[in-house]
Amino acid sequence: MKRALLSCLVVFSVVALWAGVTIPPTEVPYNVNYHWGIINVNIAHGSVKYHCDGTNFSGTLDGVSIPWEGHVIIIADTLETQMLPGSKFSTEKINYQSGWYRRPKAKYFRSPDYNPANPEIYRTIAGAGEYSASPNSMEAIAITSDMVGMYYYANELDFENMTPNEKITIPIQGIYAQEVQVTYLGKGSYEIENTVYPTYNIMFEYNYQGKMSGYPVQMRIDCKNRLPIFLSASIPVGKVEMIWNP
């Protein structure tokens, strides 16, 4: 009887460990700022929507820039994954992933004739579309599409029991990234509109074909509700920040 009870407890502990995290439908709106030297400007607005039933995670990232050089830049990423059980955290098996980069003329974007399916104005990470986007732009879109998965790990990772500078590597079964390396930076705080939010601070970077992307991303996660309220990434010239717009 005792052995049977112990066996049940072991099985229950494994199930509890591998149960994953349930996340209700959540939308996080952001302001996107660009920094370079003394330049500090708002360049775009966007949002990330996501949810998870404990096993299946789905998320989207959408952003629209303020008109720049007569064009509007539009980003649309979708990520659907199955979260597989692991000893300390789930691992990703990507079921569907897409990343769109559109750059229509601002005047055309505002007109009733605007057609987002026009291949002349878009390029995807899968190579579809006729728009001649730079390799750097498309590389960035691939990274942001993978980055949506970090909204799951912001909820699952046990930051309270991690030590500053502790590193973990999360395997990914997908087309593009093979893994994401996460460094826990410790606790901190971040102020938005005169409200100070206690945060867990992390840095993550994706590995593509055995090589790190070269674009580490810093993320600040609200300790209370696990919302990523600040993200920052350096680009070849300057830095881009996504700041929660409550």
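Everything quoted here is computed from the prediction, not taken from an experiment.
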Nearest heavy-atom approach of Y30 to P228 is OH-O, 2.5 Å
Hey, any chance V72 and Y122 share a hydrophobic cluster, counting ILVMFWY side chains that come within less than 4.5 Å of each other, even indirectly? no
Angle between ring planes, Y208 versus Y206, binned at 30° and 60°: parallel, tilted or perpendicular? tilted
Donor-acceptor check, side chain of R102 to backbone of P116, threshold 3.5 angstrom: yes or no? yes
Does the E205 side chain pair with the main chain of G214, one donor and one acceptor, at a distance under 3.5 Å? yes
K239-S234 side chain donor-acceptor pair, cut-off 3.5 Å: no
For S111 and F109, indicate whether the former's side chain and the latter's backbone hold a donor-acceptor pair under 3.5 Å. no
Check the pair V48 / T60 against side chain to side chain contact (heavy atoms under 4.5 Å, CB included), numbers first and verdict last. CA-CA 6 Å; V48 177; T60 61; over 6 Å; no
What orientation do Y197 and W244 show, parallel under 30°, tilted 30 to 60°, or perpendicular over 60°? perpendicular
Value for OG1 (T81) from CG (N56), rounded to nearest 0.5 Å, stands at 7.5 Å
In sequence, state the C-alpha distance, the side-chain angles, and the governing distance for N136 and S134, and then conclude on side-chain hydrogen bond (donor to acceptor under 3.5 Å, both in side chains). CA-CA 5 Å; N136 286 341; S134 71; 5.4 Å; no
Should the ring pair Y50 and F57 be called parallel, tilted or perpendicular, given that the plane angle runs from 0 to 90° and is split at 30 and 60? tilted
For residues F159 and Y184, establish whether the separation of their ring centroids is below 6.0 Å. yes
Does N118 use its side chain to pair, donor to acceptor, with the backbone of I121 at less than 3.5 Å? no
With distance as the sole test, does S65 use its side chain to make a donor-acceptor pair with the main-chain N or O of P67 at under 3.5 Å? no
Which pair of non-hydrogen atoms, one from Y176 and one from I125, has the smallest distance, and what is that distance? OH-O, 3.5 Å
Using modelled atom types only, decide if a donor and an acceptor are shared between the side chain of Y153 and the backbone of I170 within a distance under 3.5 Å. no
Other residues, nucleotides and ligands only: do more than 12 of their heavy atoms fall within 6.0 Å of CD on Q209? no
With a 3.5 Å distance limit and no angle check, can you tell me whether E241 reaches the backbone of S232 through a side-chain donor-acceptor pair? no
E120 atom CD, over 12 foreign heavy atoms within 6.0 Å: no
Between the side chain of R220 and the main-chain N/O of S189, is any donor-acceptor distance below 3.5 Å? yes
Can you confirm whether the side chains of Y190 and D222 place a donor and an acceptor under 3.5 Å from each other? no
Quick check: closest heavy atoms across K211 and N207, and the distance to 0.1 Å? N-OD1, 3.0 Å
Do K167 and T183 pass the side-chain hydrogen bond (donor to acceptor under 3.5 Å, both in side chains) test, and can you show the C-alpha distance, the side-chain angles, and the key distance before you say yes or no? CA-CA 4 Å; K167 300 177 185 294; T183 303; 3.2 Å; yes
Under 3.5 Å donor-acceptor, R103 side chain and I73 backbone: no
Would D146 and I94 count as a side chain to side chain contact (heavy atoms under 4.5 Å, CB included) if you check the C-alpha gap in whole Å, the side-chain angles of each, and the deciding distance to 0.1 Å? CA-CA 9 Å; D146 282 311; I94 296 177; 4.0 Å; yes
dist I229:CD1 -> L227:CG (nearest 0.5 Å) comes out at 8.0 Å
Using side chain to side chain contact (heavy atoms under 4.5 Å, CB included), reason through Y152 and M83 one step at a time and then give a plain yes or no. CA-CA 9 Å; Y152 173 84; M83 293 302 176; 3.6 Å; yes
Side chains of S90 and E156 only: does a donor on one sit below 3.5 Å from an acceptor on the other? yes
Could you go step by step and tell me if S145 and Q97 meet the side-chain hydrogen bond (donor to acceptor under 3.5 Å, both in side chains) rule? CA-CA 7 Å; S145 66; Q97 182 176 11; 2.9 Å; yes
Are side-chain heavy atoms of I66 and I43 found at a separation under 4.5 Å? no
Once you round to the nearest 0.5 Å, how far does CG of N95 lie from CD of Q82? 6.0 Å
I'd like to know if the side chain of Q181 pairs up with that of T169 as donor and acceptor (distance under 3.5 Å, no hydrogens or angles considered). no
Between the main-chain N or O of E166 and the side-chain N or O of T163, is there a donor-acceptor pair closer than 3.5 Å? no
Value for CG (N33) from CD1 (I243), rounded to nearest 0.5 Å, stands at 4.5 Å
For E160, all residues meeting side-chain contact (heavy atoms from CB on, under 4.5 Å), sequence neighbours excluded: D158, K187, Y200
Check the pair M203 / M219 against side chain to side chain contact (heavy atoms under 4.5 Å, CB included), numbers first and verdict last. CA-CA 6 Å; M203 181 172 64; M219 176 185 280; over 6 Å; no
Taking side-chain hydrogen bond (donor to acceptor under 3.5 Å, both in side chains) as the definition, give me every residue that meets it alongside D62, ordered by chain and number, with sequence neighbours left out. none
State yes or no: do M242 and L185 share one hydrophobic cluster built from I, L, V, M, F, W and Y residues joined by side-chain heavy-atom distances below 4.5 Å, directly or via other members? no
